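To find a chain, count down the sequence lines: A is the first, B the second, and so on, and within it residues start at 1. Fair warning: this is a prediction, and the values are worked out from it, not measured in the lab.
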Protein chains: 2
Amino acid sequence: MAATSPTPEQESVSTRDRILDIALELFTEQGYDKTSIRDIAERLGFTKAALYYHFKSKADILLELHLRLHALGEQLLNALDALPDGAARAQQWPRLLDEFITAVDENRELVLMHQRNQNALEALQHSERHHAANDDIEGQIRRLLADSELPAATRVRMACSVGAVMTGLLPDGLVGDIPHAEKVRLVRATVADMFRDPA
Amino acid sequence: MAATSPTPEQESVSTRDRILDIALELFTEQGYDKTSIRDIAERLGFTKAALYYHFKSKADILLELHLRLHALGEQLLNALDALPDGAARAQQWPRLLDEFITAVDENRELVLMHQRNQNALEALQHSERHHAANDDIEGQIRRLLADSELPAATRVRMACSVGAVMTGLLPDGLVGDIPHAEKVRLVRATVADMFRDPA
DNA sequence: GTCTATATTTCGATAGAC
DNA sequence: GTCTATCGAAATATAGAC
């Protein structure tokens, strides 16, 4: 009974998701501010008024996309929280980084949209108090790199490794013609090297 | 005769620069699209109409800020162009990276604004044909990492190092309470390590 | 669920007085 | 160089018919 007669709810979710997919694409390409409700609607074959049946505002669409990324981050957060203190977390950093790479790679588009629309997303979290301040991935990593009693050199190295992953993996990255799977492998190797003992 | 009686031109340049400084600040904080001409003008104590005496359009302000960064990039470009081929350039990469760090560090605000407004800047270069496609820093680096016959592993590593510098140095970076000079030193060490022979 | 039509607001830009 | 006043264009959002 899984494949037959979708509930009305499922029906509407389907259109919702089509909207979100197009929005994700346009927000990434043109930016949130330069993408109008009309742009999104016309891509889907109807008018902007119809869109307001599915979402109550433009910001709501962006919020939904943010929540998609937020959900993905929770797995990583759990891995972080399972460790006792800052030192233990730092020790596990290479492993966490590897999971981080997998997560970023599997959701490149979402991450890229997030990165290209930092301003719009900030304004969103400012009005909608949808989380305190640090319950998303970035906040958690930021906390780890700020609070801990780790040596500054280690913390800077960790921060740099995050940036290395982003630049190496994302679609608008600097390297062009390398097959994607190969690129992922090489990024893994690169950041792993950053935490290898130089014995 | 240098310190006395500024020319009318210098007088106006002074106001121009005040506008550009405020714009840089607001574009970084709120984003280009969410910053209105009025926002900028009122920060300086006059109305938006007055601003149009100094700049012919809002995009013109952004363009001017872009040119500031562009000018800084030329030194690095010259260093790159002085080297014969891709292989030689790759060999000199650590040294170029060190100069790159200096340049980014000395112009953090400008770089951050550039990074946070990629979309707006893209639209700018699309209308104003102010350079072909690759005569800015990013384009040059991109060319080096794409065209060359270097091994993919080296190219990915180079790209990652650029991202590492950005994330490590910029004001909205992940590490918080480390003194800036120390942070710069540690970033230098981190990326230098990425190209050390693992003998 | 989608449409047409419209209300409302905001913004970029210009004209012309001072 | 700065002002007031205004135009025109766009965008978000709503109302109500179908």
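- A:V187 and B:C160 get closest at one heavy-atom pair: CG2-SG, 4.2 Å.
- Taking the six-membered ring where the residue is Trp, A:Y32 and A:F27 present perpendicular rings, their angle passing 60° and hence far from 30°.
- Between the CG atom in B:L67 and the CG atom in B:L62 there is a gap of 9.5 Å [rounded to 0.5 Å].
- Between B:Q140 and B:D81 the shortest side-chain heavy-atom distance falls below 4.5 Å.
- Put simply, the side chain of A:M194 does not reach to within 4.5 Å of the side chain of B:D193, judged on heavy atoms.
- Contacts classified as salt bridge (charged side-chain N to carboxylate O under 4.0 Å, His left out) and involving residues 166-181 of chain A (residues at least two apart or in different chains) are given here: A:D177-B:R155.
- Rounded to whole Å, atom P of D:dT2 lies 15 Å from atom CD of B:E42.
- Computed from C1' positions of five pairs at each end, the angle between the two local axes of the helix from C:dG1-D:dC18 to C:dC18-D:dG1 equals 0°, rounded to 10 degrees.
- Side-chain contact check for A:R108 versus A:D105: some heavy-atom pair is nearer than 4.5 Å.
- For the pair B:H54 NE2 and C:dA13 C1', the interatomic distance rounds to 16 Å; values are reported in whole Å.
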## Note on the structure
In B/S/- notation (B base, S sugar-phosphate only, - none; protein heavy atoms under 4.0 Å), nucleotides 3-18 of chain D written 5' to 3' is BB------SBBB----
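- Atom pair B:F55:CZ and C:dT14:P shows a separation of 15 Å (rounding to whole Å applied).
- Contact annotation: the side chain of B:H54 never approaches that of B:L20 to less than 4.5 Å [non-hydrogen atoms, C-beta and beyond].
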